[in-house]
Asker: 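One structure is given below, represented as structure tokens, and several questions about it will come after.
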Amino acid sequence: MTTVIFNNRKYQILIGELANVGANPGRTAMDMLDLGNPDIDFVKLAEGQGVAGARADTMEQLMICLHSHCRGRGLS
């Protein structure tokens, strides 16, 4: 099983829903939708659950991780 997390460091779906209903959220509301303070280290979260994790900051890095995983070599 492979799980890919696209981390934009915020609950963008909820921000979009607020805009859809015409809401104008204040600073406190926006702070609650921010996942970047502090940043979440998803690789360490995976490792803490006993599974391999890797971080890819580019599409090229993502492809390398996926190819490596699919070939059974684990993540690098």
Side-chain angles (χ1 to χ4, degrees):
M1 173 190 276
T2 301
T3 302
V4 177
I5 298 171
F6 293 95
N7 182 14
N8 66 359
R9 294 179 177 82
K10 57 187 159 186
Y11 286 115
Q12 185 61 44
I13 189 72
L14 297 179
I15 293 169
E17 290 302 316
L18 287 170
N20 288 342
V21 298
N24 186 16
R27 172 96 174 144
T28 301
M30 293 306 291
D31 284 347
M32 290 191 296
L33 301 177
D34 178 14
L35 296 175
N37 187 17
D39 279 334
I40 298 172
D41 188 335
F42 288 101
V43 173
K44 290 203 184 296
L45 283 175
E47 292 169 352
Q49 296 297 313
V51 297
R55 178 181 173 136
D57 293 313
T58 67
M59 289 303 294
E60 292 78 16
Q61 291 172 347
L62 176 60
M63 293 309 299
I64 291 167
C65 288
L66 290 175
H67 284 295
S68 180
H69 176 73
C70 288
R71 291 186 179 134
R73 297 182 188 151
L75 298 169
S76 55

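Everything numeric in this text was worked out from a predicted model, so none of it was measured. Numbering starts at 1 and runs along the sequence shown.
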Asker: How long is the gap from CG on Leu66 to CZ on Arg71, to the nearest 0.5 Å?
Answerer: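 It comes to 11.0 Å.
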Asker: Please name the pair of heavy atoms, one in Cys65 and one in Ala54, separated by the smallest distance, quoted to 0.1 Å.
Answerer: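 Distance-wise, the nearest heavy atoms are SG-CB, 3.8 Å.
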Asker: Among the clusters formed by ILVMFWY side chains lying less than 4.5 Å apart, do Met63 and Phe6 turn up in the same one?
Answerer: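 Met63 does not cluster with Phe6.
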Asker: Counting only heavy atoms not in Asn24 (residues, nucleotides, ligands), do more than 12 fall under 6.0 Å from its CG?
Answerer: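 Atom CG in Asn24 is not packed in, count stays at 12 or less.
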Asker: Atom CD1 of Ile5 and atom CG of Leu45: how far apart are they, to the nearest 0.5 Å?
Answerer: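 The distance works out to 8.0 Å.
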Asker: How would you list, by chain and number, every residue that makes a side chain to side chain contact (heavy atoms under 4.5 Å, CB included) with Thr28, sequence neighbours excluded?
Answerer: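 Once residues adjacent in sequence are excluded, Thr28 has no partner under the side chain to side chain contact (heavy atoms under 4.5 Å, CB included) criterion.
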Asker: Any link between Met30 and Ile13 through a network of hydrophobic side chains (Ile, Leu, Val, Met, Phe, Trp, Tyr) touching at under 4.5 Å?
Answerer: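 Looking at the clustering, Ile13 is in the same group as Met30.
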Asker: Suppose the criterion is side-chain hydrogen bond (donor to acceptor under 3.5 Å, both in side chains): which pairs have a residue in residues 29-46, not counting sequence neighbours?
Answerer: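 Applying side-chain hydrogen bond (donor to acceptor under 3.5 Å, both in side chains) to every pair that reaches into residues 29-46, excluding sequence neighbours, yields Arg9-Asp39.
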Asker: Would you give the length of the straight line joining atom CE of Met32 to atom CZ of Arg27, rounded to the nearest 0.5 angstrom?
Answerer: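 Result: 12.5 Å between the selected atoms.
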Asker: Would you please name every residue forming a side chain to side chain contact (heavy atoms under 4.5 Å, CB included) with Asp57, sequence neighbours left out?
Answerer: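 With sequence neighbours excluded, Asp57 shows a side chain to side chain contact (heavy atoms under 4.5 Å, CB included) to Arg55, Gln61, given in chain and number order.
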Asker: According to a 4.5 Å side-chain heavy-atom criterion applied to Ile, Leu, Val, Met, Phe, Trp and Tyr, with indirect links allowed, do Phe42 and Val51 form part of one hydrophobic cluster?
Answerer: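 Shared cluster, no.
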Asker: Can you sort out the partners of Leu18 under side chain to side chain contact (heavy atoms under 4.5 Å, CB included), two or more places apart, ordered by chain and number?
Answerer: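 Result, side chain to side chain contact (heavy atoms under 4.5 Å, CB included) vs Leu18: Ala23, Pro25, Leu33.
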